[in-house]
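Just so you know, these numbers use all the heavy atoms, side chains as well, and skip hydrogens, waters and symmetry mates. Residue numbers count from 1 along this sequence.
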Amino acid sequence: MSVSLEIYPFSSTLHMYGEASSSFAFSLAGYVTVSITPFLSFFGRSRLPRILLQSLVVTFEGNSEVITPLTGYASVRLCSITRELVRGDPIELSDDAPKDLANPCSWNIVFDIPIPGWLPVTSTYSDIDFEETGSRYALYATATYLYPEDNRSPFSLSTLCSPFRSRSYTTDASKCPVVLQRVVESPTAFSDESALTMFVVETHPESNDAQQGPPDVFATVEVIASVPAAIPMNETSLPFALRLRAKDLADCERKRLRVTEFSIDVEQFEVYRNTTNQTHLYRFPIPPRGRQPPSAPLRDPHPIHTLYDAGALVAAPPRRSYVERKFSLLPENSSGRYIIGGDACIFATTSGVSEWYILEVDVPIADRSCEADWAGPHIRRITENGPLFSVDHILRVAVQCEYDDPTKEELVHKRLQFSLPLQLVHLPHLPALSLGRDASDAGLPMETQTKMSSIPPLPAYSQLFYPNGERKIDSSTPLPLYEPPILPSSPSSPLIEDSPKAH
């Protein structure tokens with residue numbers, strides 16, 4: 001008889017809520033199906049399915065790999081979490097009266113593995129000339145078992161060979177990929193002011209030796225910028241607000257100071273490394289060096305690793321420890337330039353120091369890009385930070401100012417520049433609970449499948465409680481006012497008393 005294993009997670013995608021944190025963990029549950037297929041013995045006699053299951057180990061493992069022309073190949077094991085599902089004495093799996101010896105007998109053994117909340121999300125990236133690398137996760141299972149002595153035929157071939165082989169057998173399950181996706185809560189609407197983050201900006205004037213204006217005039221310009229706290233990946237634009245005022249400036253100088261235009265660019269900044277990012281090591285615990293390649297090879301490494309290990313491939317000189325790439329996320333038909341109409345004397349319209357001139361625009365973001373380079377196409381990614389690969393998003397703003405200097409009788413131009421951090425995220429959704437692969441093939445009754453598929457997903461711990469354990473109370477949604485219940489009609493009710501009586 002033959003023994004096979006299959007892994008069925010209840011969901012092939014694990015949604016991790018909130019920002020990466022080593023104090024959080026998420027549950028990855030499912031079951032391992034152990035199947036025994038009977039077959040005919042040496043003399044044509046069928047053997048009943050029966051084994052002694054000594055151990056069943058399920059492992060969740062993740063790794064990150066990077067290939068670039070200048071850094072070469074690098075890999076790191078992100079995590080390796082093992083759970084023993086069979087402990088103590090062996091478990092007998094048998095079916096003394098199978099209905100059909102041609103079909104396998106199956107047993108489902110459940111598992112529940114805590115997944116660290118700091119792990120990077122599943123993503124693919126690599127050199128355009130090689131097969132994709134990236135951060136990947138998968139489940140693995142291994143079973144160790146033996147055949148009971150009374151399950152063997154006295155004249156079977158296995159009995160004749162038993163003195164020359166071990167009685168224990170090992171069977172591995174096929175790799176079961178698991179996708180890790182990080183989602184961020186969005187309690188308010190994307191366009192609401194409460195969902196925006198305000199920055200008091202310290203501007204940096206662009207140096208221009210040819211034109212030097214009075215420094216005290218431009219130094220009076222104060223800037224406050226507002227951007228969304230989180231930008232969903234499916235958004236095609238982001239709201240941006242710019243507040244300007246000239247503090248402690250005389251009215252005559254206000255009329256000479258103008259803001260003619262401003263420009264905005266949304267940049268995606270990627271970093272590829274061949275050594276582990278030390279900042280990441282300080283924050284999150286990856287396995288120690290003794291459990292990293294090449295001391296402990298990855299279970300399923302990229303095929304190119306053998307060529308680099310053998311020295312057949314080397315990085316192009318000069319070899320670097322990291323390489324960067326950045327590109328704009330603006331659409332091709334958008335310049336990111338916004339011109340202020342009229343005479344542009346925006347500070348002349350404000351009379352008080354506390355008054356701000358407000359500029360609001362919706363900055364477009366490209367859905368996709370046709371451009372590509374050594375690292376592949378310019379695709380939009382979420383903001384993430386890993387030991388070998390990280391993605392940051394930056395909003396770069398430049399404000400063009402002019403001052404009519406009466407002493408020189410000429411216009412003095414100054415370009416005030418600053419940048420703001422952005423965070424691109426996935427928002428939570430409520431998908432129907434999936435059983436991973438086809439559950440009907442795993443031997444679950446149809447009634448059980450229907451019940452499991454109709455169970456709504458439970459909210460994440462971070463949605464109900466703060467990190468210190470206190471319960472979250474949403475005061476923005478008031479509770480409905482109490483109303484007394486409407487009692488059903490009875491013979492003593494006024495409606496019955498007013499009705500005509502029978503004589």
Decide side-chain contact (heavy atoms from CB on, under 4.5 Å) for F240 and L420; before the verdict, give the C-alpha distance in whole Å, the side-chain angles of both, and the deciding distance to 0.1 Å.
-> CA-CA 11 Å; F240 173 73; L420 304 176; 4.3 Å; yes
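- Taking the side chain as every heavy atom from C-beta outward, I365 and S237 never approach each other to under 4.5 Å.
- Side-chain atoms of T59 and T82 form a donor-acceptor pair, as typed in the model, at a separation below 3.5 Å.
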Going through the checks in order, is the side-chain contact (heavy atoms from CB on, under 4.5 Å) test met by V183 and V425?
-> CA-CA 6 Å; V183 296; V425 300; over 6 Å; no
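- Nearest heavy atoms, Q423 versus A229: OE1-O, 3.7 Å.
- Minimum interatomic distance between L330 and P364 (heavy atoms only, all atoms of both residues): CD2-O, 3.3 Å.
- With a 4.5 Å cut-off on side-chain heavy atoms, F111 and L56 do not count as touching.
- Of the possible donor and acceptor atoms, one in the side chain of Q292 sits under 3.5 Å from a partner among the backbone N and O of R77.
- In plain terms, the two heavy atoms of T13 and Q181 that are nearest each other are CG2-CB, 4.3 Å.
- Remark: I264 CD1 to S334 OG distance equals 9.0 Å, nearest 0.5 Å.
- In summary, of the residues considered (T383, L238, T197), a side-chain contact (heavy atoms from CB on, under 4.5 Å) with L422 occurs for L238 alone.
- Put simply, the side chain of T133 gets close to the backbone of E65: a donor and an acceptor are under 3.5 Å apart.
- The structure places CE of M16 at 6.0 Å from CG of L119, a figure rounded to the nearest 0.5 Å.
- Considering CZ of F199 and OG of S419, their distance stands at 10.0 Å, rounded to 0.5 Å.
- Between H426 and H15, the closest side-chain pair of non-hydrogen atoms is not below 4.5 Å.
- The environment of D89 atom CG is sparse: at most 12 non-hydrogen atoms of other residues, nucleotides or ligands sit within 6.0 angstrom.
- Here the closest non-hydrogen pair linking L78 and W118 is O-CH2, 3.4 Å.
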side-chain contact (heavy atoms from CB on, under 4.5 Å) assessment of I286 paired with H280 = CA-CA 9 Å; I286 66 173; H280 191 276; 4.3 Å; yes
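- Here I394 contributes atom CD1 and S328 contributes atom OG; the two are 12.0 Å apart, rounded to the nearest 0.5 Å.
- Side-chain atoms of T171 do not come within 3.5 Å of backbone N or O of S4 as any donor-acceptor pair.
- Ion pairing between a basic and an acidic side chain is recognised when a charged N comes within 4.0 Å of a carboxylate O; E270 and K326 show no such pairing.
- I382 places a side-chain heavy atom less than 4.5 Å from the side chain of M233.
- Considering only heavy atoms from C-beta on, V271 comes within 4.5 Å of S390 through its side chain.
- At least one side-chain heavy atom of N385 sits under 4.5 Å from a side-chain heavy atom of R283.
- Within 6.0 Å of CZ in F327 there are more than 12 heavy atoms belonging to other residues, nucleotides or ligands.
- N274 contributes a side-chain N or O that, together with a main-chain N or O of R320, makes up a donor-acceptor pair within less than 3.5 Å.
- At a threshold of 4.5 Å between non-hydrogen side-chain atoms, the residues R50 and L93 do not count as touching.
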Given the rule in the side-chain contact (heavy atoms from CB on, under 4.5 Å) test, do K175 and D300 qualify, once you have shown the distances and angles that lead to the verdict?
-> CA-CA 9 Å; K175 180 181 71 172; D300 189 20; 2.4 Å; yes
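- The minimum heavy-atom distance linking L139 with P9 is given by the pair CD1-CB, 4.3 Å.
- A donor-acceptor contact shorter than 3.5 Å is absent between the side chain of S11 and the backbone of L14.
- For the atom pair CD (E384) and CZ (R182), the distance works out to 9.5 Å, reported to the nearest 0.5 Å.
- Distance alone, capped at 3.5 Å, is enough to place a donor-acceptor pair between the Q268 side chain and the R381 backbone.
- Outside the 6.0 Å centre-distance limit, the rings of Y17 and F24 are not counted as a close aromatic pair.
- Taking both residues in full, the closest heavy atoms of P120 and Y137 are given as O-OH, 2.6 Å, listed atom of the first, atom of the second, then distance.
- Judged purely by distance below 3.5 Å, without hydrogens or angles, the side chains of S55 and Y145 never pair a donor atom with an acceptor atom.
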Please step through side-chain hydrogen bond (donor to acceptor under 3.5 Å, both in side chains) for the pair S35 and S106, ending with a clear verdict.
-> CA-CA 4 Å; S35 300; S106 300; 3.0 Å; yes
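- Aromatic ring orientation, F389 versus Y272: tilted (interplanar angle from 30° to 60°).
- N108 and T33 share a side-chain donor-acceptor pair at under 3.5 Å.
- The only member of R299, R136, R291 that meets salt bridge (charged side-chain N to carboxylate O under 4.0 Å, His left out) when paired with E61 is R299.
- Heavy-atom neighbours of E19 CD from other residues, nucleotides or ligands within 6.0 Å: at or below the threshold of 12.
- Side-chain contact, Y169 with S2: no donor N or O sits under 3.5 Å from an acceptor N or O.
- You'll find the side chain of H393 stays beyond 4.5 Å of the side chain of F269, heavy atoms only.
- For E84, the CD atom counts as densely surrounded, since its 6.0 Å shell holds more than 12 non-hydrogen atoms of other residues, nucleotides or ligands.
- Ring planes of Y73 and H302: tilted class, angle from 30 to 60°.
- Atom-to-atom distance recorded for I109:CD1 and L53:CG is 5.5 Å, nearest 0.5 angstrom.
- One N or O on the side chain of T122 and one on the backbone of L180 form a donor-acceptor pair closer than 3.5 Å.
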